[in-house]
Each structure stands twice: as structure tokens, then as C-alpha cells.
Amino acid sequence: MTIAAAQIVALSPLLMITGVGCLALLLDTMAKGRAPALWLAQLGCVAALLAVANQWMGSGSSQPIWSGMLIVDRMALFLDGVLIIAALATLLVAAPFMREHEFEHGEHYALVLFATAGGMTVVHATHLLSLLIGIETMSLAAYLLVASWRRQPAGAEGALKYLLLGAFAAGFLVYGTALVYGTTGGEMSYAGIAARAARAADNPLFIMGAYFLLTGMLFKIAAVPFHMWAPDAYEGAPTPVTGLMASGIKVAAVGGLVRLLGSAFANPGLALGHAGWVRVLGGIAFATMTWGNLAALRQENVKRMLAYSSIAHAGYLMIGLVALGQKVDGAQPALLVYLAAYAATTLGVFTVVAWVGRRDDERLLIRDWAGMARTRPAVALAMTVLLLSLAGVPPTGGFFGKFYVFRAAMQSPDLAWLVVAAVLNSLVSVYYYLRIVVAMYFRDPVRPWQPFPSVGMAIVLFVTVVVVLALGVVPRPVVELAAGGLVTHW
Amino acid sequence: MTDLTLTLLVPLLGAILVMVAPWGERTSRPIGIVAALVSLGQSLFIVRDFDKSIGAFQMAVDRPWVPSLGIRFHLGVDGISLWLVLLTTLMVFLTLLSPQAMGLHKTRSREFTVAILVLEAGMLGTFLAVDLFAFYVFWELMLIPMYFIIGIWGGERRLYAAIKFVIFTLVGSLLMLAAILYLYAQVHAVTGQWTFDYATWATITLPRGPELLCFLAFTLAFMIKVPLVPLHTWLPDAHVEAPTGGSVILAAVLLKFGAYGFLRFALPFFPLAAQQTAPIIAWLAVAGIIFGALMAWVQDDVKKLVAYSSVSHLGFVVLGILVLSQKGIQGGIFQMLAHGISTGGLFLAVGILYDRRHTRRLSDFGGLWKPMPVFGACFLVMVLASAGLPGLCGFVGEFLVLLGTFTAGKDWQASGLAAPMFAHPALLAGLAAFAVILAAVYLLTTYQRVMFGPLDKPENRDPQVRDLGLRERLVFAVLVLTALVMGMAPQPILDRTAASVQELTANYRFRLAEARANPIGPARRVVAGKPSARPASAPAGTARPF
Amino acid sequence: MPTYAYILVSLALFFVGAAGVLLRRNVLIVLMSVEMQLAAGTLALLSFSRALGDQKGHVFAFFVMALAAAEAAVGLAIVVSVFRTRRTASLDEVNGLKG
Amino acid sequence: MPSELRMIPLLPLLSAAYLILFGRRHSRESVHRIACLAVGAAFLVSADVFFFWFPILYQSNGLTDLVGTWLASGDLQVDLALRMDALSGLMCLMVTFVGTLIHIYSTGYLAHEQDYARFFAYLNLFCGAMLLLVLGDSLPVMFVGWEGVGLCSYLLIGFWYGEAANASAGKKAFITNRVGDLGFLIGMFLLFRAVGTLDIPVLVDTARAGSPSLTAALWWGQPVAFWAALFLFMGAVGKSAQIPLYVWLPDAMAGPTPVSALIHAATMVTAGVYMVARLGALYLLAPVALAIVAGVGALTALFAAVIALGQNDFKKVLAYSTISQLGFMFVGVGTGNFAGGIFHLFTHAFFKAGLFLCAGSVMHAMAGSGDITRMGGLAQKLPFTTWVFRVCWLAICGVPIFSGFFSKDAIVAGAFATEVFGPRLHWVGPTLGAGLLVAALGTAFYMSRLYCLVFTGECRADLDTRAHLHESPFAMVGPLLVLGLGALLAGVMGLPPALSRSHGDLIGRWLATALGRQPEVSRALQWRVMATSALIALAGIGLAWRFFGGGVREPARRFTAAWPHFTAAVRGKFFIDEIYDWLVVRPLRGLSRVFFLVVDRILIDKLLVGGWTVLVDTAGRLLRLVQVGDVQRYLAIFAIGLAALVYVMARPVAPSEVKVRIEGRSATVDLTEGKAAVDKLEYGFDFDGDGREDRVGAAANANWLYPRPGHYQLRIRIKDPRWNTSRTIARTIDIP
């Protein structure tokens, strides 16, 4: 294993985020106040973003790093970009949020970066070891972030549930790795597994191992029946963290799944047939979106509703994963576009949720949002656009992402039923998304609104709304960027 | 040439201007009116520049949108959409002009104007779209503004009505989305290219099973919009709760999309399925015509009454389209326009009544001719137009549809349609014609109970109950004049729809014959005159190599 | 001993751990059960690694141990946090978020 | 071709439009000047065209004025064209002439009316529509006028909208007419389907040529012509107030009296007769339809005459009389005697308009009351009115010399002489003729009763009214006199050949080209009919005098006492309105309510829509219950879910289709579904249900030869060797 300069450059975004995270942690212990750490983290994000852009421009082909532990390709870079932007947005929102709620800790910023670094590792991973490291880095940071609002009992409770279930899932991840490792004759790299998969597919232990691995990953994207942590953790977490979980962590996990399913387990003997993951994930996709949407119907807490919504979106995303298994045209770029649109939308939505709450007035119930359109018309409009994007109503990115994913699935006649189910599901989802719109627009204010002035939040909100609309109206650039990830070697 | 993009952009720009205008509520309506007027003017230019001898799309705007997915920003206007575009711009203009547009609400006119203008853009886009993706985007774009219009400015049960409207509409349109995606994949499978181009889609014949399912998905979406019995129950609620402006737009334009989409997409894309299900749809249309009228008769709420009358009137449109003859389809299109004018006018009239009296119950009115003679006259013209009095707009469409249906058997034979669309067309026409009586019954009863009789209720003598103001007069003058002109001189309208309808029916006949001749078969491309599939030209978009 | 015996032991360990996670009410014991599951994975890895004569399994096992330690640390921190707000370490009573 | 034809309907229409828009800004004088001038000018134009072109008119198909295409679609081409031939010219003259008179009359009658301009606007609009109806060259154009006059009728009946009853009467008129119009529409459709055009001349020519497109059998063995004629007649029944749709006309008397005179006596209600005459050639192709027309006419003539006997409202009596007289006309046209029908239409226009205007004059004097039991002895107070009334009364009774005598006789004689019904229905004509004679007796009786009760004897009005009795102003009396003159002399136009010693009557000769061949009536028959009807008229008058001369006399009272139920039934108009209400309106309304409440509200909204909502909502609530908050439950679901996943995954899936092909005794089973197998599965086929697997292996298909025919149980076991899981499918096979 040699460490060449070129590889370090290729991996610079990941290294920058990790390094800046460490520096921010140090700086926070040494500097006065929280601002320096925050600025450092934000600068680090911007720099990493520039590095991503540099990589994108620089090399066309994909690059295996460190003997195939990681890979730098267009897909990874695309998702890197999404993850870093999510981190930046979270930082921008978290700072004022924590200030308002008086729990500003410098390590918080570092943890955001660590979680992001973990996520980036996941999307770069082409080896089960790097996958495990990435997943766990991301998860451990996330547990702590959820628990970071110490005064709030819900935060600790959510974190505990998240942690216990996450650890349980990690157990499956590790055990699955072991089984795959053993049954493939000592393979841990994706390429190696893929090479042995055809033979190994006859071994039930290998299949079990593969499913254990998938379980560990599906837990991260909150797919039914591994989703139970999500509502509680989302509700308990500080709102900006919820935003990061719903966007960044989900993006990373889906990215990891795309890699895992698209290369390691892509063998038709493993993907198709009655024990194939196409069939199983199809069923899970259906269950996930249906469960998420139905359970969201009756929620009164906005964050909890959005948590269920995020479960439902995991279901939609899995349709794309299933399509990936059917080897149809454009499943992967569709997933990337969906992820980008979904991440932007979610970040925006949680920014609004973070914005409405004051120290003594969290305003987390839907009825608390009554009459927002009167007092804060711009924010209400932005929220409406974002909710419509979640619901998949044009002309928003949410619609285009759904369209793109469904397009992929529709190419296989076996998946048409999933698309129909998804479409009916989004009908259900419209109902509960509109409940928020109803409160904002159709009801009279219950109590006065005090503005929560924050430039950071305003920027994030504005940018996300613009991005969401742009993705809906002029999706071409993003489609092309995402398609760039197509031409890669696994 | 007229640029259709501009037609779409004007309302959107108007909406943005209203949104960002710093002067607040007071200027929003005037800005909106100006924007609507400009787009009305533009649509008049479109009518002027329209070449009636061409059946295909004209004044096309065709730009790549997402090339790798074959999505194009492709707009065009043909005889079928031409007048509907004009109807849209006209009714939006009149709605904004009408002082009652927001119902009893006097505030939030900025949001109202924005909603109406965005709605207008959506409606125009839906009529003009030639690319199916664009069509769907615009189709959905109409949903949300209308939802807001009902939800914010509506009546007591506005939340219920608004969500019912949304859910009903979405049930259909989401299934249609699934069908669109399926077709999209099939088109790709057949032609080797990803495209949403209408003309290409209209040459693809699906295998029977999927064809039927896709047709049902499309038709469900459209028939909910129409609405066809028994999918109509959202309409009375939506109308009753919507503010006047919302009701006007809903009745005058939004309902047309059902019939328009059915004619434009469901028939040409799925010729065989359409022919197989036509008997059911035709009977439902006739049921709608009759039961809509009957149910209108027993309503006490004037708005609900007019809403049910829409169910009845639009049944004619569906029936006419299903007949698939020149007379039937042209009649159906004309009926759409006429219904837009007359029912739009009726809703405006009801809005004025509501404004004056704050009630819509028939039993609360009576003798209003005395304080409001000018209104009475305008209202009467709208009532009569709606009742299909010859010489006013309502007659022509109904006459053509009924005549077309009655003589359909002969027309099918003469034109060489491969199989009749449905049995007993004359019987259906005869039954549908009963609406002629029923329309007179419920409309004149309504008119009488509102305008005639003694002025014995003290509330009706209130000075609040005053005759039309200047703006109201202007609105009604336009409507009355349009109704008269359309009734007296329908030919200019019919002339411009003829070529497109001819092309559509000819293509339908050809495709139906082909589909029936090859009962089993995979998805295939059928081009009139060129039986073999055209080799796919260079794929519009593949991934850029990196 | 043949490899499958190690695997059987590791499987047993894994399921015992899972049962502990599912059934025990004390948070600390649940955390320990989780560690047991990870240990089962480690055992499986090591036995495979040995049977295959491959070093990757060993390396992976180190990482798993590190992971177990990190998880324990974070877990304990969170348990402390829960205990501070609720004065209990029993999972029965940590059910404020639901629905 | 004269393009001034279009001026005839246009002048009143323009004036109407002007008056609607600006009438309220004008003084009364200018309003009625505009209105009267417009109609008068229309009269002058029509007279000019008519007389200038007369030689051509009556020998040809007439003159056409093509304004443009009204609507064309596919093979339908409807021109907005007007045609004046002898028939429409005559009608046109009559309409404009009577119309002008009634306009003038109205200026006096409505002198104190608030809504002066509105009234004249409607009246002008009516004239325009009526002229369009008359002149329209194609059925749709005619239909525009047809519905247009219906509209004006509606507006004018409800002119005094303040009374709910007036508005209701207008509505009833319109809706009843609409019922007929439905028939008109369907008739048009039938004709269009058969002939391919709706131009009246083409239709008439086609019918005259006896084209097979019209004589082909359509439904129940009857030809197209029959059904078209019948449906069109349905329109005529509505418009001309025949059984069963006559009920609106008596109510229509709620309108101002000039309206009753113009619309509900002279012009609009005769449109049905005009239409039938216009399309006479079509009717001649269908004798059964003709018989129905004539039968309905005769029945109506009798029935309405009976009801008229018991009415106590001046205008109601006249209304029923109109219905009855329209019945006469229909017998005329229904017996192929189109000229006779039109002739009676013509004379009736004069005398019935005259009678109505007299009624108006009387009611004007009586402060608006039309109750004839409160009148009497008005002859002295209203001399001019009385004289005109007498002329018109005698005319309608059919007293010789007066116009009604000739026209009625023309119809009766035509009925006796007609041969249009053919041999099988030859009895129809004489029967109807006899019926008409009875109706004529009734007519003479009830009209005389009216005369006696109003003009003779003592005045029964209260003192207040009596003090105000006065003759009407000249604006009213002038037109009255003209109409009286017409009623007296109009018969000249149709003097029967027996009297005029010429070939056929004048009007018949004029209309010959337009209407075609008329029944030949022998002179002897003419004499016989004239004599009989004169006697009948005198008998009726005499009988009425005995009952009512100078007030209600003893015989009348005795009759009432002897036949109380009959009298009550007649007074109550045989309760036809109530019967319709109970038979049609209420059930339909009830049905609508049921539909609205049960189907719409409950079935669709509650069950169909609400059901789904409840289902989804309940599912949402249930899923919330799963999320109990206990982390170990979550873990359990995680674990159980995973276990279930493994369980499902490890099980082979039953193929979506099992193809079994049987050839003779050999059965072939195929599970491949045409796809390449992905899984490595083992299949075990047990063909004969004995529990032993007959074929085992990796092949997904197998065949088997059965030893003997019978009913077998086929079991297929699909096994995945990896997991040692299997699934069994069973089918039954019949081996023939």
C-alpha cells in the first residue's frame, strides 16, 4: 500500500473535511467563544467544495485509492458535493439555532464535519472495511449530535434509541461482513466479491451475509422494518441535526447502497430470482413508503411528521435501487438527482422548522404554524414550495427526482407495480404535507410571531428554495452532472 | 409570428411583479389586470395569426429542455387548443376585473392575484404543451393555485372542499403520471429514443392489456376533471366553497382540461381501448347529462346548482368527443367554450348575488329584478345561454353534439371507422336531449326564484342590494356580447377547429383499423401512410462521455 | 476444531447477544449485549481468516474492536445524559417519544 | 334576389336591442315610436317584397336571401338564409300587420306602465323571432325563431314579475314548449340522418319525390318520414298548445293582454300549424302521422271547447278557445288540407286577436279584472269594443258571411273529403269532420256564453268599478276596429268555389305551389257542410242565449245542479295540471332528491370516497400505535422483520402461470414463463396424484402420458436446493 501524492489530492475533499473537523475541535478548546470554530468549519466546507469541483474538472476517469479501499469517481464526487453542502447548510442553521436555545458547543461543529466525513467515506468506499469505518464514523457522530441538546430530555432519549438500534445494526453489518468474507474465500473489496459472487450465490451463508450487510445499510436509510428509530431520533434531535440526518446521512447511506448493490452484489444470480435482492428490496420499498406515508398522516408534531416523510422517501429511493438491480437505463443518475433534490428540500424544510422555534416557544405542532402566511409570507411561501417538492408536485426538484427514478423503474415491466404504488403513496403524502400549508395559509394566527433574525438561515432557505425550483424548472445541469457518474469503472 | 413562450411568461412575470411589488395590496390587482390584459391581447394575436387550413400544431416553440431524457420545451397551438387558450385568457382577465373575485374576503388580494396568474400560466401551458412532460408539469401547476384559492378565500367548509379537490384531482393525475412513464418507456423501446414528443407518441400502439390500463389511467384523470358521473362529487363542494373568481376559473377553464386531455391524448394514444370502453363512457356521459340536471334541480344553494349544471353540460362534451365525427368533436369543443362563457357568467352572477345579500340560498332571494334590472338582464342572458337557447352560445355545441351523436352510426360507416364506438347512438342522443328540457327546468326555476316574484324579504330591500357597478357592467358586457356572437356567428370558431379535428379523427380511424387488424402484438409504431416503423434517427440524448 | 465449529459458536454468541439486547431492561446490560454481538462478528472473522489463511479478517477484527470501544464510550455518555434527565437507567422508562 | 328580406326580422330585432340597451333613457313617446316604427317598417318591407314579387312568389319556390353560413361542420351545412314564398309571405304579412296593430294598441293599454321600454323591447324581439321562424329557410334557423318566440313568450308572460304566479306561468310556458322542442330537435336529427340536409326546400323536394331515404322503414315498420313527422309534430304540439302539452296556454294569460292577443292567439301558437304545413310534403308521405296530427287536433278542439264552457275568466275562456281553434287548424293540416289550415290560421289571427284586444279593452275598463261573473251589460259603456267583439264573436262561432265561417268550413269539408289517409284509414277523415262539428257547436255555445255574460244584462260589478267604466283611448280602439274589419272580411280570401264560382279558393290557389296538392272538395259537399255548420252555429248561439242571455239563467243553474261532478270537473279543467304534477313533476323531483341524497351524498361521498379516507386514516392511526416508544419493541420489530425477510426470501416463488397443454392423453406442463431461469431450482412433478413424483429434475417442464382418461390431481413441487425450501402448486387435469 503506497500513499502517492496524486491519491491524496484525489481524496482531498475527504481529507479536508476530516482535518478541519479535528482542527475545529482543537480550536474550540483554545479559542474564546464558539465563533472561530464555526468559521473554520464553514471555511473548511467551502474549501472542500472547491476541492470537489477541482477534482470534477481535473480528471474524467475514476481512480482507485489505497489498493481499492476507496474510489474517486464522478458519483462519489457528486455525492461529496451534496454532503458538503448539507454540512455547510447545517452549520449555518445550527449556529443561530444553538445560540437561540443556549447549548452552543464548539464540538458540535466538529461533529457535523465528522459525520460528513464518515458519509463521504461511505460513498467512496469500495471495500467492506472502508464501508464499516465510514458508516460508524458517521453514526457515532450522529449519535452525539442527537444527544447534544443536553437540557432536552427528548434529545438524550432519541440518541439512546438511535444508538441502541444503530449498534444492533452494526452488529449485523459486522457479522454480514464476516459471512461474506468467509464464503467468498477471503474477499472484502467490492470488485473481489463481485468476481466471486456467481459461485458464492449458491451458498446460503453468503446470501445471509449479503442480507446482513444490506440490513445494516437499510437501517441507515430508515427502511421498514428497520426504521423504528427514525421518528424518535428525528424528534429528539436538535432541528438542524435532524436536517443533517434526513439529508446527509440518508444521502451517504443511499450512496453506499448504490455502490454495494451496483458492484459487489450486482451479479444477476444474486440480484434476481426469488432470493434476489431485487425482489426483497422491492417489497421493502413498498412497505417503507406505505408505512412512512400512512404513519405520517396523523402526526401533530412537524418534526415527527417529517421523520415519517423521510421514511417514505427512503421507500421511493429504494425503487431506484431496485431499478439498479434490473440494469435499466439511468437508474443511477436518477438516484443521484433524486438525492440532490431531496437533500436540498429537506435542508430547507428543517431550516424553516428550526427558524420558527424560539427559546420558550418551540412551535413544533402543526397548529402552532397557523397564520404564518400572514406574518411571514416569504417564509410561508418558501415552506410551501419545499413541501410541494417533498410531495413531488411540479415544478419542483422533488417532482423531477421522482420522475427520473420512476422512469428508470418503469423500463422494467416487473417494477411497474412499484411505480403505481409509489404514485398512490405520493397521493397520501400530499394530504399531510398540505396540512402544514393549511395551517400556514388557511388558519388565523394563534399567537404572535416573533421573527428570528438569522442571516445564515435566510441564506440556507433562499438557496434551497432556489435550488429546488431550479431542479424542477431547469434540471438539465444536474441531470448532466449526475450522468457524469455513469461512466465509471467499478 | 406570435411567440407562445411569451404567452406563458406574461402571467408568470405578472405574478412575480405582484409578489415583489413594494406597494402592497392596493396595486396588486391593477398589475394583475394589466398582465391578464396583455396575455389576452397576445392570445388574440394568436387567433389572428392562426392558419385555419393547417391541422397540425402551429407557431411551435421547440427548445431542448432536458435533452438526455428527451424532454423538450415544445409548445404549439392547433385548432383544438386555439380557442381554449383565448377562453382562458379572457376568463382570467374578467375574473381579475370582477370586484367579487375574492368572494366576501377583502384582504390578501396580492396573494389572490398571484394565485390566479400562476394558475393562468399553468392553464395556458397545459393547453399549449406538445411535449408530454411539459404537459404534465403544467397540468400539476394548475393544482396548487386553485387549492389556495379555494382554501384561503373560500367559505365555511373550504378546507374540506380544497383537500377534496386536490385529492380527487391527484388520484387521476398521479395514475396518469404512471401511465405517461410507462408509455415513455414503451416509446423508447419501440423507437429507440427517449422522447415526449406528442406526434411520436400518437403513433405508438401498445399491446392490448397495457393499452387498456394506460387508457384507464389517462381517462380517470381526465374524467375526474370533466367531471364524469360518478367522479363528480368534488365539483359541487369545490364550487360552493370557492370564492367567485375561483368558481369562475374552475368552471370556465379548469373543467375543460378533462375533455381536452381526453380528446388530445386518451383517444389518439389508445385507439382500441378507447373504442372498447366507449360504450361505458358514453352511457356515463349521458347519465351525467341527465342526473346532473336532475340534481341541479333540487339544490337550494345557487352555486351548487350551477355546479351540477356543469356536470350536465360537460357530459355533452364527452359524448360529442366520443362520437369521433367532425360534428361531434367540433360540437364538443364548441360546447366547452360556450360552457366557459355561460357558466363563468353564471358564477359571476351568483358571486354578485352573494356579495349583495351574503347568502346563496334560493329561498332567501326573490324579486331582485326591481333593484337590479341590469344585473337581471345579464343574468338572464347567461341563464339562457346555459339553457341552450338558439342564438346564444349554448345552443350550437349542444346541437352539434346531439346531431353528431344521433347520426353517428351513419358517420362511422361513411368515414370508414373500423368499428362503431358504441351501440344505439340515436338512443343515447335522444336521452341526452332530455337535458334540453331539464336545463330549462332548473335554470328558469332558479332565475325565477331569484329575480321574480314579490320583493317581500326585508333584506332584499336593503340599499346594499344595488345594481351592477361599472366594472361589473364591463365584465358582463363582454360575456353577454361573447355569448351572443358565439351563438349568432359560430362559424369563425368552427372553421378554425375543423382542420385539426379532421386530422385527429382521420388518424384515429387509421390507428383503430390497424389495432383491430393486429389484435395481438407487441408495442409498435404505426405511421399513417408508412406502415413500417421509421428507423430511429440519432438518439436525442445519451450520456456525454467523460 | 473445524471452522464450522467456530462459526457455530460465533452464531450462538451473536444470537445470545441479540437476545440480551431484546430482553434485558437495563441499558448497561443491553450495551454489553451489543458488544457481545460485535464480538461474535469478530470471532467469525477471525476463524474465517484463519481458515482461509488470509490477513484481512484479522485487520478487520481490529477495526471492529476499535468500533466496539467507540460505541461503548458514546453509549455510556448518552446513558449518563439520559440518567441525568430521567434519573433512571431502565429502558422501560425511556419512552417519552412515541406515536 | 332581394336582400331586403333580411330587413324584415332585422328591423324589430335591432329596435329590440336598442330599446334594451338605451330604452330607459328615452321618453315613452320615443320608445313606442321606435318600436311601432320598427314593426311597421317590417310590415311595409314585407308587403313591398310580397306584392312586388307576387307573380314569382306564388308560382315558384320563392325568393331566398342568403346571409351567410351559420354553422357548418362535417357534412352539416346550415345557411342563415331567409326565404319568402307564398306561404311565408302570407304569414309574414299577417305577423307584421297584426304585430303593428298590437304595438299600437299596447301604447294605450300600457300607458301607465313603469317598464315601458322593456315591454316594447320584448314585443319587438318577439316580432323579430317570429319573422325569423316564418322566413327561416332551414329547420335550424326556423328553430332559432321557434325558441326565440318561446323566450319572448316567457318574458312577456312574466312581464309583471312581481307576482310569483305570472313568473311561474312564463316558466311553465317555456318548459312545456321545451318538451315539444325536444321532439323538434329529434325530428331534425332524423331528417338530417335520412336526407343529409336541413334546408326546407330540399327536404320538401325530397319528400315530394318520395325518396326512399324517407320511405325506408325505421322503427316498428314505420318509415323515416313517419317518425320525423311525428317528432316534429311533438314540437308543434308544444308550441301550438295541443293535447297533451296545452296546459301552458291558459296560464299564459297572466301576461299583459296585448301579449295574449299577439303571441298566444294570432302568431306564435300558430307556428306549429305553419311548420306542419311547411313540411306538408313530408307528412303526406306518412298517412299515419297525418292521422295522428288530425286526431290530436280534433281531440284538442273538442276537449278545449268543453273546458272553455266552464271558465269564468274572460281571458281563460279565450285561451281555451284558442286551443280549440288550433285543434281545428291541425285537423286542417292533418287531413292534407294545408291551405284550409292556413286559411283558418289567417282568419283566426284576426278574430282571436280582436277578441283578446276586446278583452283587454274590457279589462282596462274593469280595472284589470277579467272575472266575467262580475261583468254584464257592458255594451252600453263600451260601444266600440262591443261592436268589434260582436263581429269577432260571430266570426268564431262560424256564422255565415263572417270570416270564421268560411275557414272553418274549409277545414270540415276538407276533412270529409280527404283521401290522404289511404284506404285503411279512410274512416278517419269523416270521423274527425263530425267531431269538429260538435266542437263547433261547443265553440258557438261558450263564445256566446261569454258574450252574454259580459255584454248583456245588468252590470254585476261593484259600484266603484262601475263608476270608472269607460271606453278605451283611440290607440286601443283604432286597432280594434281594424281587426274587426279583418274578422269580418278576411273570409273573402278563401271563399269556397261553391260561392265564388272559380277553380278552388283564392288562398288555396296562392299557396298551391308552396303546399302542393290539396284535397278536392265537391261543390255538393261544400254546400252540405256550409249549411250544417251554419245551423250548428246558430244552434249554439241560441242555446247559449237560453242559458245565459242577460246573465245566468235558470236552465244553466238547473244544469249545474243536475251534473255537479261534471261541472266541477270542467271548472277544474279536468285537473290535468294536478295530474301532471303528481305523475311527472313530483316523482321526478323525488327521484332527483333521492339521487342527490343517496347516490351523491351517501353512496359516492360517504362510501366510495369516505371509505377510502377512513381506511387510510385508520391505517395511519394503527401504525402510530406500533410506535410505542419502547426501544426494545423497536429492536424486536427489527429482528422479526429481518427474520421474516429471510423467510420470504428463501422460499421459491410460484410461477405466475402454469401452462398445461393436453394432447390426447399426453399432458405437458411448462413453468418457464418464457423467461430464462435465474434460480437453480428443482422441480418435482406428480402427475397422477399418487404422492409419488413422476418427474424430478432441474427442468421446469415435463410431460406425462396418462394410461386412461379421467380426472387427475397435478402436483408440482418447486424446491430450492440451497435452502432446502419448497413450494407446492396443485392443479386438476381432465384427460378426455
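Throughout, protein chains are lettered first and strands after them, A, B, ... in sequence-line order, and every chain is numbered starting at 1.
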For this session: Please check if the side chain of B/Tyr160 supplies one atom and the backbone of B/Asp237 the other of a donor-acceptor pair under 3.5 Å.
Result: no
Problem set entry | Most chain D-contacting option - heavy-atom pairs closer than 4.5 Å, from B/Leu455, B/Leu402, B/Leu438 | B/Leu402
For this session: Among the options B/Val396, B/Leu494, B/Ile437, B/Leu384, pick out the one with the most heavy-atom pairs lying under 4.5 Å from chain D.
Result: B/Ile437
Exercise. What distance separates D/Leu185 CG from B/Phe406 CZ, expressed to the nearest 0.5 Å?
Worked result: 10.5 Å
Exercise. Roughly how far, to the nearest 0.5 Å, is SG of B/Cys393 from CD of B/Gln335?
Worked result: 8.5 Å
Exercise. How about residues 67-82 of chain D versus chain B: which residues have heavy atoms under 4.5 Å apart?
Worked result: D/Thr69, D/Trp70, D/Leu71, D/Ala72, D/Ser73, D/Gly74, D/Asp75, D/Leu76
For this session: Supply the atom-to-atom distance D/Leu13 CG to D/Leu125 CG, rounded to the nearest 0.5 angstrom.
Result: 6.5 Å
Exercise. Is it the backbone or the side chain of D/Ile20 that comes under 4.5 Å from a heavy atom of chain B, or both, or neither?
Worked result: neither
Problem set entry | Region of B/Asp456 that comes under 4.5 Å of a non-hydrogen atom in chain D | neither
For this session: Could you look at B/Leu403 and say if it's the side chain, the backbone, both or neither that has a heavy atom under 4.5 Å from chain D?
Result: both
Exercise. Is it true that B/His232 and B/Phe291 have ring centroids separated by less than 6.0 Å?
Worked result: no
Seminar exercise, completed: If one checks every heavy atom of B/Ile329 against chain D at 4.5 Å, the contacting part turns out to be neither
Exercise. Any chance CH2 of D/Trp220 has more than 12 other-residue heavy atoms, nucleotides or ligands included, within less than 6.0 Å?
Worked result: no
For this session: Check whether B/Ile493 gets within reach of chain D through its side chain, its backbone, both or neither, counting any heavy atom under 4.5 Å.
Result: neither
Problem set entry | Portion of B/Asp495 that has a non-hydrogen atom of chain D nearer than 4.5 angstrom | neither
Problem set entry | Side chain, backbone, both or neither of B/Lys164 within contact of chain D (heavy atoms, under 4.5 Å) | side chain
For this session: Name the region of B/Phe399, side chain, backbone, both or neither, that has any atom closer than 4.5 Å to a heavy atom of chain D.
Result: both
Exercise. Is chain D contacted by the side chain of B/Thr233, its backbone, both, or neither, given a heavy-atom distance below 4.5 Å?
Worked result: both
For this session: Go through the atoms of D/Val585 and report whether side chain, backbone, both or neither lie under 4.5 Å from a heavy atom of chain B.
Result: both
For this session: Just do the side chain to side chain contact (heavy atoms under 4.5 Å, CB included) check on B/Val383 and B/Thr446 with the steps written out, would you?
Result: CA-CA 9 Å; B/Val383 161; B/Thr446 310; over 6 Å; no
Exercise. Going by atom types alone, do B/Tyr308 and D/Asp600 pair a side-chain donor with an acceptor below 3.5 Å?
Worked result: yes
For this session: Please report the closest heavy-atom contact between B/Pro425 and B/Thr405, naming both atoms and the distance.
Result: CB-O, 3.1 Å
Exercise. Quick check: does any side chain N or O of B/Ser386 sit under 3.5 Å from a backbone N or O of B/Met382, one acting as donor and the other as acceptor?
Worked result: no
Exercise. If only atom types and distance count, is the side chain of B/Asp467 paired as donor or acceptor with the main-chain N or O of B/Phe375 below 3.5 Å?
Worked result: yes
For this session: Would you mind checking which part of B/Val171 comes under 4.5 Å of any heavy atom in chain D, side chain (CB onward), backbone (N, CA, C, O), both or neither?
Result: neither
For this session: Please round to the nearest 0.5 Å and tell me the distance separating atom CZ of D/Phe189 and atom CG of D/Leu198.
Result: 9.0 Å
Exercise. Relative to chain D, which of B/Gln491, B/Arg449, B/Gln502 shows the most heavy atom pairs under 4.5 Å?
Worked result: B/Gln491
Exercise. What residue in D/Met188, D/Arg118, D/Lys172 has the most heavy-atom pairs under 4.5 Å with chain B?
Worked result: D/Arg118
Problem set entry | Top contributor to chain B interface from D/Val599, D/Asp605, D/Ile186 [non-hydrogen pairs under 4.5 Å] | D/Asp605
Exercise. Heavy-atom distance under 4.5 Å to chain D: side chain of B/Leu444, backbone, both or neither?
Worked result: both
Exercise. Do any of residues 427-434 of chain B come closer than 4.5 Å to chain D, heavy atom to heavy atom, and if so which ones, in number order?
Worked result: B/Gly430, B/Ala433, B/Phe434
Seminar exercise, completed: Most contact-rich option vs chain D, by heavy-atom pairs under 4.5 angstrom, among B/Phe452, B/Trp297, B/Phe395, B/Tyr447, is B/Trp297
Problem set entry | Pick from D/Asp115, D/Leu190, D/Leu132, D/Leu608 with the largest number of heavy-atom pairs that fall under 4.5 Å of chain B | D/Leu190
Exercise. Around B/His424, counting heavy atoms of other residues, nucleotides and ligands shown, do more than 12 lie under 6.0 Å from its NE2?
Worked result: no
Exercise. Among D/Ala194, D/Gly150, D/Ala164, which residue forms the greatest number of heavy-atom pairs with chain B at distances under 4.5 Å?
Worked result: D/Ala164
Seminar exercise, completed: Residues B/Gly367 and B/Pro371: closest non-hydrogen pair is O-CD, 3.5 Å
Exercise. Heavy-atom distance under 4.5 Å to chain D: side chain of B/Thr445, backbone, both or neither?
Worked result: both
Exercise. So which of D/Tyr154, D/Tyr161, D/Trp146 has the largest heavy-atom pair count under 4.5 angstrom toward chain B?
Worked result: D/Tyr161
Exercise. Between the side chain of D/Arg193 and the main-chain N/O of B/Thr407, is any donor-acceptor distance below 3.5 Å?
Worked result: no
For this session: Would you indicate whether D/Glu113, at its atom CD, is surrounded by more than 12 heavy atoms from other residues, nucleotides or ligands within a distance under 6.0 Å?
Result: yes
Exercise. How about D/Tyr122 and D/Phe126: are their ring centroids closer than 6.0 Å?
Worked result: no
For this session: Starting at CD1 of B/Ile290, measure out to CG of D/Leu591 and round the result to the nearest 0.5 Å.
Result: 10.5 Å
Exercise. Which of the residues D/Arg24, D/Gln114, D/Arg589, D/Arg601 is involved in the greatest number of heavy-atom pairs with chain B at under 4.5 angstrom?
Worked result: D/Arg589
For this session: Let me know if B/Gln299 has heavy atoms under 4.5 Å from chain D in its side chain, its backbone, both or neither.
Result: side chain
For this session: Grab the two heavy atoms, one from D/Gly148 and one from D/Ala129, that are nearest each other, plus how far apart they are.
Result: C-CB, 3.7 Å
Exercise. Can you say whether B/Lys327 sits under 4.5 Å from chain D via the side chain, the backbone, both, or neither, judging by heavy atoms?
Worked result: both
Exercise. If you measure from CD on B/Gln326 to OG on B/Ser415, what distance do you get to the nearest 0.5 Å?
Worked result: 10.5 Å
For this session: For B/Lys370, look at atom NZ and say whether over 12 heavy atoms of other residues, nucleotides or ligands are found less than 6.0 Å away.
Result: no
